[in-house]
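The structure appears below as structure tokens.
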Amino acid sequence: MSQVRTRFAPSPTGYMHIGGMRTALFNWLWARHCGGQFILRIDDTDQARNQEAALRPILQAFRWLGLNWDEGAEIGGPYAPYYQSQRGALYQEAAQKLEAAGLAYRDFSTREEVDADRKQADKEKRPYINIRRSLELTDTQKADLVAQGRPWVLRFLIPRDTKVQLDDHIRGHVEWDCSLLPDPVIQRADGSPLYNFATVVDDAQMQISHVIRAEEHLSNTPIQILLHQALGNTLPQFAHVPYVASPGSKEKMSKRKTEQYRKAPAFQKMFERADEVFPQLGLGNSETLNPVMVEYYERIGYLPAAVLNALGRLGWSLDDSTEIMSLDTMVKHFTLDRVVQAPAGFDPDKLFSFQGHWMKELPLDQKVAGCLPYLVQAQLIAEPVTDAVRQYVEQIIVAWGDRLKLFSDILGARYFFRDDLVYDEKMFDKRVRKEGVPAHLAAFRQRLVEVDPFTVPNLETALTAYCQEVGEQTGTLIHALRLSTTGQAVGPGVYDCLALLGKDKSLARIDAALAR
RNA sequence: GGCCCCAUCGUCUAACCCGGUUAGGACACAGGGUUUUCAUCCCUGCAAUAGGGGUUCAAAUCCCCUUGGGGUCACCA
């Protein structure tokens, strides 16, 4: 096969959509699988807003996930520039070429006229296509109108007597009857190009071999194919990937619908998590950062490997049983013909389970590196982080074990850094304020004074010995100690907790609990 | 509404192209075991071919229809 070149062409919207990320991943995967190039082009035709700021989160999402691009934004390349806003001359040239060949025409009709035509067609229950009045104008009439300063747009002349055929890598054979297609505007009165046109010009000029994009572009495709043909371009291959649906629905996931996702059972936990974590980090809450955006996953402490794995398995499979896949594995096996045709609902639970897997695989030093920023941002530890603190955090992470799923879970270790404990009152009542327990706790507290060094094995020996002597179950003391020293009913092993806290703090907290 | 796409457990999917499997796996859920918490880990269970017609010895698989779901219909991208 000749050189494979794929592209992802986001418009700078200020955030990276998780569904768009999946499409980008498939493009990247196909390029890498084939040893080709992946291009990141910016579709910023007539965007008034702040480019820089609106683009940053998108590029950051690619960097975070490790999806590098061979040409495009920031790095340039042989087909530069890669920003549509800077490629005006190319579009002008192509538009002139079409007009000169009689394949596009100047349309002098006003928006009002077009709207009226459309309404009329609607009323008569027939499909709307352009009436093409401007086509009947003589050259002198047209020149007059131009002289009068009448604005016009350039429309592509759809060849109404043909059919467009597409053999899509995912959808298969699709056909459209051109007699039903309105003539699309390809250039505005001010000379700026429209998306459908700019895309065609760019894809051809950048030698894109495979246009892999979301299904919602399928209806744009006949026009683009026609445009390519009119321009004399070699047609790229097309692959229309089904869109990503929101959890528990079949509808395309959309940022505009975040309010309803907030209440959807499958999504709810992610929003709650955001409201719990982000305020502690000074990052707003689920209003500012929600699970539709890639940045949510980065900020809440997901691993790129987990997000990539989940995205890769959404609408694509390697075989009948492989679930856990590294990026390398996906590159090795990815093919377009194994992309599923039906929309896939995003599944937060499954992502979470992938996360559990990849977090378990992560070497300790990387876990520490991942958690440290959270502790700093939540002001639980100071910056710069000293070796002693770093070591302490490492010990906590070891004790935390597989309970640490997201990096932000480390915020649950607050009681190792702060003395104002948050008590789980219900459990405190159940495990501490219970017949006989305070007495045991007080008695064992005295034994603790003698434990030296204050280590896990010594603590365990002491507790077992005490319980045997007094004929009490170890569980009674274990639970009481955990509630007293951490305030919580769940967490790392209680001996780990005591050892990590050290003798002084442990004793003080037991005293405080007994005094409550 | 026009055009187009889609349809297997609750979810993601395998098997479909080239008809023959007790329709497989994973997540979730339920139960059990290990860890006197929780998490991990192990075992077990639950659970699907939308409906109707064809074709065929045989249909999840091929064809048609119905139903349902979705996307798109801009001088947005």
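Just so we're on the same page: letters track the sequence lines, and every chain starts at 1.
- For the C1' atoms, the distance from B:U61 to B:G69 is 22 Å, rounded to whole Å.
- At a threshold of 4.0 angstrom between heavy atoms, the contacts of A:Asn220 include nucleobase atoms, whether or not backbone atoms are also involved.
- Remark: the A:Glu251 side chain and the B:G70 base include no donor-acceptor N/O pair separated by less than 3.5 Å.
- Across all strands shown, A:Gly356 has no heavy atoms under 4.0 Å from either base or sugar-phosphate atoms.
- Across the strands present, B:C27 finds its partner in B:G10; the criterion is a Watson-Crick or G-U wobble pair with both atom distances under 3.5 angstrom.
- Under the 3.5 Å distance criterion, with hydrogens and angles disregarded, no donor-acceptor pair is assigned to the side chains of A:Tyr195 and A:Asn220.
- Nucleotides B:G31 and B:A39 are separated by 13 Å at their P atoms, to the nearest Å.
- For the C1' atoms, the distance linking B:C16 with B:U35 amounts to 45 Å, nearest Å.
- B:U35 is unpaired under the Watson-Crick or G-U wobble criterion, no partner having all donor-acceptor distances under 3.5 Å.
- Here the options are A:Arg171, A:His169, A:Arg213, A:Glu215, the test is side-chain hydrogen bond (donor to acceptor under 3.5 Å, both in side chains), and the partner is A:His240; only A:Arg213 passes.
- At whole-Å resolution of the value, CG in A:Asp496 and C1' in B:U37 are 13 Å apart.
- Not one side-chain nitrogen or oxygen of A:Ser321 sits closer than 4.0 Å to the OP1 or OP2 atom of B:A14.
- Under 4.0 angstrom from either OP1 or OP2 of B:A77 there lies no side-chain N or O belonging to A:Arg213.
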Go through the steps for A:Ile129 and A:Ser179 under the test side-chain contact (heavy atoms from CB on, under 4.5 Å), then give the verdict.
CA-CA 8 Å; A:Ile129 50 174; A:Ser179 67; 5.9 Å; no

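- The nucleotide whose nearest atom lies closest to any side-chain atom of A:Arg118 is, among B:A77, B:C38, B:C75, B:C75.
- Separation of the C1' atoms belonging to B:U66 and B:U56 is 23 Å when rounded to the nearest angstrom.
- Within the 4.0 angstrom heavy-atom criterion, no nucleotide atom of any strand lies near A:Val114.
- Of the side-chain N and O atoms in A:Arg106, none sit less than 4.0 angstrom from OP1 or OP2 of B:C75.
- Atom CZ in A:Arg338 sits about 14 Å away from atom P in B:C17, given to the nearest Å.
- Pairing of B:U72, defined by two Watson-Crick or G-U wobble distances under 3.5 Å, is identified with B:G2.
- Across all strands shown, B:U55 has no partner, as no Watson-Crick or G-U wobble contact with both distances under 3.5 Å is found.
- Residue-level contact check: A:Arg171 touches the backbone only, with heavy atoms under 4.0 Å from sugar-phosphate atoms and none from bases.
- Enclosure of atom CD in A:Glu93 is not indicated, since only 12 or fewer non-hydrogen atoms of other residues, nucleotides or ligands lie within 6.0 angstrom.
- Pairing partner, B:A15: none, since no Watson-Crick or wobble contact has both distances short of 3.5 Å.
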